[in-house]
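Structure, as structure tokens:
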Number of protein chains: 2
Amino acid sequence: MDENTLFDKLIAFTAAVHQVKHEMTQGIKPEGITPVQYSMLEYIAVSQPVTLSKISDCQQMSMPNTSREIKKLCDKQLCEKYDDPSDRRKQYVRLTGEGERVMKEAFGHVGARFLTRLQNASEQDLQEIVHAMDVLHSRVFYTDK
Amino acid sequence: MDENTLFDKLIAFTAAVHQVKHEMTQGIKPEGITPVQYSMLEYIAVSQPVTLSKISDCQQMSMPNTSREIKKLCDKQLCEKYDDPSDRRKQYVRLTGEGERVMKEAFGHVGARFLTRLQNASEQDLQEIVHAMDVLHSRVFYTDK
DNA sequence: GGATTTGGTTATCAAATGATAAGTAAATGG
DNA sequence: CCATTTACTTATCATTTGATAACCAAATCC
């Protein structure tokens, strides 16, 4: 396998995913939420409950800025903090009911848009697509570190 | 195929790609280039030559802002504009030699980081990965519209 | 050939984001 | 038990980004 071919494909592929995701999420962002906040909500939605430090790490933003943005999201009642009983320095963040609702709706819109791309795919095509995602997710785009 | 499973996987997958790409490109950004500018350079690198309107469309930023940022990149000698002889309103953008060099280096760093994720993959694994990218790129994450 | 559209520019403003310094309180480690 | 580290907060500032209005010149459209 030619290494450069692989790299070129990786670059092109990640760029494409990035762009399509960008298109898909255009206009769905809940009222009054900034892009960074949306991205945090998305991360919380799939990883909750999660500490501020973890959010800071994974979203690659400084703790002060993470703290500020989470505070804003809490003010908007989209998420809430609660103490870790075993370590009182730590605070976990989770979505509120409203936050769940908002993100569910956002994900629904994204889903609907993806659906238009998949509407003339056969059952077999879908199987293949799911398999491809599993392969790449587990082998290349894993995020645990 | 359960539609929700597919959506959940799509959401999780795009989030993972996004995050990994973010990690991969951390710290590689050439001196004095902002995130938006880097993203534009990346787009130009894989799509050149390309008009300002097209960049504006695909990067989903307004023409005034596109114009401003491209101007900055031209000032930095990373890209250059030239006229379309058949339509004198249009201007194409392409990387300069220096721009090519800078992006090649950036892509090289990203490639190297991906390599560490793939170092214990067999030839067969790599084939499978490339195939998976081809499937997803052509069926789900195509960007021509 | 005059109105409209297309492609792009300049200027300006507000908001979002990133970075830094300085602080608190709880846990951990000799 | 004192020093250090971890988890998080508050405040502040500069830069980036997004949005809008007003403009020019070339192309196109009746």
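Chain naming here is simple, since letters A, B, ... match the order of the sequence lines and numbering starts at 1 in each.
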task: Report yes if some heavy atom in the side chain of A:L95 is under 4.5 Å from a heavy atom in the side chain of A:R101; otherwise report no.
output: no
- prompt: Please give, in whole Å, the distance from C:dT6 P to B:D84 CG?
  reply: 17 Å
Rounded distance [0.5 Å steps], CD1 in A:I33 versus CG in A:L78: 5.0 Å
- prompt: Is there a side-chain polar atom (N or O) of B:K54 under 4.0 Å from OP1 or OP2 of C:dT6?
  reply: no
- prompt: Do B:V17 and B:L6 share a hydrophobic cluster, counting only Ile, Leu, Val, Met, Phe, Trp and Tyr and linking them when any side-chain heavy atoms are less than 4.5 Å apart?
  reply: yes
- request: Grab the two heavy atoms, one from B:Q19 and one from A:Q60, that are nearest each other, plus how far apart they are.
  value: O-NE2, 4.4 Å
Rounded interatomic separation in angstrom, taking CG from B:D83 and P from C:dT9: 10 Å
Atom pair CD1/CD1 of A:I70 and A:I55 - distance to nearest 0.5 Å: 4.0 Å
Under-4.0 Å side-chain N/O to phosphate OP1/OP2 contact, A:Q37 with C:dA16: no
message: I need the full list of ring-ring contact (aromatic ring centres under 6.0 Å, His included) pairs touching residues 30-62 of chain A, with sequence neighbours left out, sorted by first then second residue.
response: none
- request: For the residue pair B:E98 and B:V102, establish whether any side-chain heavy-atom pair is separated by less than 4.5 Å.
  value: yes
query: Are any of the side-chain heavy atoms of B:M40 and B:K72 separated by less than 4.5 Å?
result: no
message: When you compare the side chains of B:T66 and B:Q59, does any donor N or O come within less than 3.5 Å of an acceptor on the partner?
response: no
Heavy-atom side-chain proximity of B:F7 to A:L115 below 4.5 angstrom: yes
message: How bent is the helix from C:dG1-D:dC30 to C:dG30-D:dC1, measuring the angle between the end axes built from five pairs each, rounded to 10°?
response: 30°
message: Could you tell me if the side chain of A:L10 sits less than 4.5 Å from the side chain of A:F141, heavy atoms only?
response: yes
message: What residues from residues 42-52 of chain A pass a heavy-atom cutoff of under 4.0 Å to DNA chain D?
response: A:T51, A:L52
field: Stretch residues 69-79 of chain B: residues that reach within less than 4.0 Å of DNA chain C through a heavy atom
entry: B:K71
message: Surrounding CD of B:Q124 (heavy atoms of other residues, nucleotides or ligands, distance under 6.0 Å), is the total greater than 12?
response: no
message: Within the structure provided, determine whether A:R113 and A:V110 are in side-chain contact (heavy-atom separation under 4.5 Å).
response: no
message: In whole Å, I'd like the distance from the CD1 atom of A:I33 to the P atom of C:dT17.
response: 11 Å
message: Within the 4.5 Å heavy-atom criterion, are B:H131 and A:E128 side-chain neighbours or not?
response: yes
Sequence-aligned protein contact record of nucleotides 18-30 of chain C, with B where the base is within under 4.0 Å of a protein heavy atom and S where only the sugar-phosphate is: BBBB----BS---
statement: So the contacted stretch of DNA chain D, first to last nucleotide with an atom under 4.0 Å from a non-hydrogen atom of chain B, runs from D:dT16 to D:dA27
message: Could you tell me if the side chain of A:L41 sits less than 4.5 Å from the side chain of A:K29, heavy atoms only?
response: no
